[in-house]
Number of protein chains: 2
Amino acid sequence: MAEATIRDVARRAEVSVASVSRALNGLDNVRAETREKVIKAANELGYVPHAGARSLSLARAHAIGVVLPDLHGEFFSECVRGMDKEASRRGYLLLLSNMHDDSDQAAVALRAMRGRVDGLLVMAPHIAPETLEHAIPPALPSVMLNSHADLPGRPALRFDNRAGAEAMVDHLVANGYRHIVHIAGPEGNLDAAQRADGYLAACARHALPARILPGDFNEEAGEAAAREILASSTPTDAVFAANDMMAIGCLHALRSAGTQVPEQIAVAGFDDVPLARYLSLSTIRVNIAEMGARAVARLIDLLEGKDLTRASETLPPELVTRATTAPRTAHPNGAAHA
Amino acid sequence: MAEATIRDVARRAEVSVASVSRALNGLDNVRAETREKVIKAANELGYVPHAGARSLSLARAHAIGVVLPDLHGEFFSECVRGMDKEASRRGYLLLLSNMHDDSDQAAVALRAMRGRVDGLLVMAPHIAPETLEHAIPPALPSVMLNSHADLPGRPALRFDNRAGAEAMVDHLVANGYRHIVHIAGPEGNLDAAQRADGYLAACARHALPARILPGDFNEEAGEAAAREILASSTPTDAVFAANDMMAIGCLHALRSAGTQVPEQIAVAGFDDVPLARYLSLSTIRVNIAEMGARAVARLIDLLEGKDLTRASETLPPELVTRATTAPRTAHPNGAAHA
DNA sequence: CAACCGTCCGTAACCGGTTACATAACTCGC
DNA sequence: GCGAGTTATGTAACCGGTTACGGACGGTTG
């Protein structure tokens, strides 16, 4: 019942464990005949090496740990998909762990990785850098994603949220919108804060009034914001939500209330989730899959000694203009499909 | 630089490694004073146990391996999310590995799990059962998801694709549609085959003509099918795609061509991806997250000796009716938003 | 005081691999 | 026929934990 070990193979092939190891790992100091005996025995026993034992003696697990917060829908899958693609291309496995919003739990998740992975990918926009630094086993190489500040020795990859938000405001202004409301993301979330900053900066630059409504990255927050906007007396001709899900909630709520989008109020989001395309929602593309893949690539380079810079990277944002922010002056009636 | 080991802690606390192990694992045969010394030393050194070594001597990794095929978008994230939720609740980590369509690669992925995980979750609707059985390390408990046939000793969880497809056809018929075309999934895919079966069975039951167009689960296939339908002289009043993405592709292509949905042609899908709700697409809900969570629960029960039945489960499908299959007779013009 | 018991702790074996080092066997040159 | 050099192989230590086993110690009992 129990799986065969290297010693079982050695016994059956009538050689030593060292020879089995050498033969199966393709070292060249093994007689061809011996190698064949070993391979035959291994096949007969259905021997599969015990990766745990292997990584213990090699001090190499060929796995990388991924610690992510609770991500909204597609974001999560895209991120993991990008990571997995690069990881499997380079022969690594991904060990996944969700850290929920609590920082103690995060510490537990991070510690659980010790001794099973060669390095860590950590996305924790909601955890203070000192807390994080303390929670990550110090000798584990790691790459941070969307983290607050740089941790010493740990490269970070992040999106230029601020530039993205500014680009969107610029776009809205260029298309004739002047009263732009921002629906913010959750308090304490770095992405959310940077997007709000970019919005404020751009408004200031254009000498436009700024108005921020609270939100939490969920669709319902977008709906609530729409109600608020419709009920309020402040004039509003565009809504820029800190993420697509809120923009979508807002879009639906506005349309359900009979408001024409974009004729009366334009709507824009951030992230470019697949849904956005179907709803013709203008947004800022955040290629999270690529970020994941790059993070893995950086980490593996680091592990294999190929990355000596340890520099952080900022990925440029990309403005995606669709029908929900069509130019204010010209608005053909039914140009709403992808 | 290197991480502290249990021996470092023992040295600093001036006790033996055995005491350190006992103290840190909460065994009761340790004097309170000793335990404190150990904890103090461990904290000072920032000691984190090496999970790999631990699992080697305990023969328990507290991790479960997940081997999935290339899943389309949200399906993947939902599945992993459900698994992760249950796994982290019960103190297990998830080791992820994509197996692409190739069965050799699948074997590699499965073997790489040996010695790292206590059990396996395998979704492989495209791999022959014998091949699979041969590829899974025999002593690894595992739960199959959507697999072809039952493997001995390995419980399987699957959706009742056939019943779901029948339910959708029944619904279309009840709503007055008579010329229903099915867009099939990829050749050799079990889900696809069962859905097609259900479609054929229901058509036969209603004495309706059946017509199947080829597809591959991607949006483009849905678009191609739409063109085919529009170009063909065969009358068609409803399209039932084997998954939502194809239905969505078809829906867009039909609308772009000026066809009214559902007035001229109804469209239905399968899966109920989040997008479906926004597009008011009728579909069969496949609660993949719950399936993932259940699979994890079953596997852990198996690992901990709580599940003795090893029985397979079939999860019932759920029909979700929305605007794209509204009754044929009454079709209010603009009832298309969620 | 000896016998006995319980508690706490340390030594060393073990999990399943890899590999440094020692050794054996074999070739080659002289 | 012998030493040097090369190559294939085996022995045992090691990776970092856990734990069976036994010893030391102190307290109780007869």
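So you know, we letter chains A, B, ... as the sequences are listed, proteins then strands, and number each from 1.
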With heavy-atom distances below 4.5 Å as the criterion, would you say the side chains of [X] and [Y] are in contact?
X      : Y       : value
R60(A) : L303(A) : yes
R35(B) : V15(B)  : no
L56(A) : H50(B)  : yes

Roughly how many Å is it from [atom1] in [X] to [atom2] in [N], rounded to a whole number?
X      : N       : atom1 : atom2 : result
H50(B) : dT18(D) : NE2   : P     : 12 Å
E3(B)  : dG16(D) : CD    : P     : 10 Å
L24(A) : dG16(C) : CG    : P     : 16 Å
N25(A) : dT18(C) : CG    : C1'   : 8 Å
E33(B) : dC8(C)  : CD    : P     : 12 Å
L56(A) : dC15(C) : CG    : P     : 14 Å
I6(B)  : dG10(C) : CD1   : P     : 12 Å
H62(B) : dG17(D) : NE2   : P     : 16 Å

Can you check each nucleotide of nucleotides 8-14 of chain D against protein heavy atoms at under 4.0 Å and return B for base, S for sugar-phosphate only, - for none, in 5' to 3' order? SBBBB--
Is the closest basic N to carboxylate O distance between [X] and [Y] below 4.0 Å?
X       : Y       : value
R158(B) : D150(B) : yes
E44(A)  : K40(A)  : yes
D8(B)   : R11(B)  : yes

Contact under 4.0 Å: S21(B) side-chain N or O vs dG17(D) OP1/OP2: no
Please classify the nucleic acid contact of L58(A) as base, sugar-phosphate, or nothing, using heavy-atom distances under 4.0 Å.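 The residue L58(A) makes sugar-phosphate contact but no base contact.
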To the nearest 10 degrees, what angle separates the axes at the start and end of the helix from dC1(C)-dG30(D) to dC30(C)-dG1(D), five pairs each? 60°
CG-CG distance between D28(A) and N25(A), expressed to the nearest 0.5 angstrom: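 Here the rounded value is 12.0 Å.
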Atom pair CZ (R294(A)) and CD (E290(A)), whose distance is rounded to the nearest 0.5 Å: 4.5 Å
Please figure out whether A32(B) or A53(B) has its closest DNA chain C nucleotide nearer the 5' end. A32(B)
Heavy-atom neighbours of E187(B) CD exceed 12 at 6.0 Å: no
